[in-house]
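Here's the structure we're looking at; comments come further down.
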Amino acid sequence: MAVIGQLFLAYLAVLGFGLIINIPHQALNLAGWIGTLTWGSYLIVQVFDGGVVFGSLIGSIGIGVLSSLAAHYKKMSAIIFNIPSLVSFVPGSQAYQMVKNFALGNYREAVSFTLQVVMITGAIALGFLLAELLNQLIAFCRLRWHRLRT
């Protein structure tokens, strides 16, 4: 039941952030589903002890690929789907703990949280890079398939 609650809250978070940044209303539901599916993939990685960094990598790859497909389907820019869907993956609590521990003088804890933030954000960036490579591969395969059929 907790997993269903997390998926529901992920959907609401994407919808809420999409409303805040004023994405088109036609894209809200699809962006919400992209955020929910990718958060589900993150949770699956967590079940198999993949860790937060690997889960963020898999989730951001999913966001990149699904956003590109959604953008093609809705004839909109992919960034309309990327940004709201990414909200759940931002390492906000780790960044807060990092700043708090620096302010309190707990430098070992602060450095530990700094490394977590750097690794998670790096995994997200790498995930978008790999997603773009996958999108290029998908486009190439579509083009080849279309040429073979004609």
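Residues take their numbers from the sequence shown, with the count starting at 1.
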> Stepwise, does the side-chain contact (heavy atoms from CB on, under 4.5 Å) test hold for Leu19 with His25?
Replying inline: CA-CA 8 Å; Leu19 287 171; His25 291 280; 3.9 Å; yes
> Quick one: are Leu43 and Leu7 in side-chain contact, heavy atoms under 4.5 Å?
Replying inline: yes
>> Rounded to the nearest 0.5 Å, what separates atom CD1 in Ile23 from atom OG in Ser77?
In response: 11.0 Å
> CD1/Ile79 to OG/Ser85 distance, rounded to the nearest 0.5 angstrom?
Replying inline: 11.5 Å
> Hey, any chance Ile120 and Val90 share a hydrophobic cluster, counting ILVMFWY side chains that come within less than 4.5 Å of each other, even indirectly?
Replying inline: no
> With a 4.5 Å limit on heavy-atom distance, are the side chains of Asn101 and Tyr107 in contact?
Replying inline: no
> Nearest heavy-atom pair of Ala27 and Met76: which atoms, and what distance?
Replying inline: CB-SD, 3.8 Å
>> Main chain of Gly64, side chain of Glu132: is a donor-acceptor contact present, judged purely on distance under 3.5 Å?
In response: no
>> Would you say that Phe17 contacts Leu86 through its side chain, given a criterion of any heavy-atom pair below 4.5 Å between the two side chains?
In response: no
> Do we see a donor-acceptor contact under 3.5 Å between the side chains of Tyr11 and Asn29?
Replying inline: yes
> Of all heavy-atom pairs between Ala131 and Ser60, which one has the smallest distance, and what is that distance?
Replying inline: CB-O, 4.4 Å
> Yes or no on side-chain contact (heavy atoms from CB on, under 4.5 Å) for Phe128 and Ile61, after CA distance, side-chain angles and deciding distance?
Replying inline: CA-CA 6 Å; Phe128 275 112; Ile61 290 172; over 6 Å; no
> Going from CG on Leu57 to CG on Leu130, what distance comes out if it is rounded to the nearest 0.5 angstrom?
Replying inline: 6.0 Å
> Considering all heavy atoms of both residues, which atom of Lys74 and which atom of Gln26 are nearest to each other, and what is their separation?
Replying inline: NZ-O, 3.3 Å
> In the single-linkage hydrophobic clustering (I, L, V, M, F, W, Y; side-chain heavy atoms under 4.5 Å), do Phe54 and Leu129 co-cluster?
Replying inline: yes
> Checking ring pair (Phe, Tyr, Trp, His ring centres under 6.0 Å) for the pair Phe89/Trp39: CA distance, chi angles, key distance, verdict?
Replying inline: CA-CA 8 Å; Phe89 293 96; Trp39 187 253; 5.5 Å; yes
>> Within this structure, what is the OH-CG distance for the pair Tyr73 and Leu66, rounded to the nearest 0.5 Å?
In response: 14.0 Å
> Do Phe140 and Leu133 belong to the same hydrophobic cluster, where Ile, Leu, Val, Met, Phe, Trp and Tyr are linked whenever their side-chain heavy atoms lie under 4.5 Å apart, directly or via other members?
Replying inline: no
>> Do Phe113 and Val53 land in one hydrophobic cluster if side-chain heavy atoms of ILVMFWY residues count as linked below 4.5 Å?
In response: no
> Which atom pair, heavy atoms only, marks the closest approach of Ala10 to Gly35?
Replying inline: CB-O, 4.4 Å
> Among the clusters formed by ILVMFWY side chains lying less than 4.5 Å apart, do Val117 and Leu126 turn up in the same one?
Replying inline: no
> Is there a donor-acceptor pair under 3.5 Å between the side chain of Ser68 and the backbone N or O of Val65?
Replying inline: no
>> With side-chain contact (heavy atoms from CB on, under 4.5 Å) as the criterion, how do Phe8 and Thr36 come out once you've worked through the C-alpha distance, each side chain's angles and the decisive distance to 0.1 Å?
In response: CA-CA 7 Å; Phe8 180 70; Thr36 302; over 6 Å; no
>> Once rounded to the nearest 0.5 Å, what's the spacing between atom CE of Met98 and atom OG of Ser112?
In response: 11.5 Å
>> One pair to check against side-chain contact (heavy atoms from CB on, under 4.5 Å): Ile34 and Val14. What are the steps and the verdict?
In response: CA-CA 9 Å; Ile34 291 170; Val14 172; over 6 Å; no
> When rounded to the nearest 0.5 angstrom, what is the spacing between CG in Leu28 and CH2 in Trp33?
Replying inline: 14.0 Å
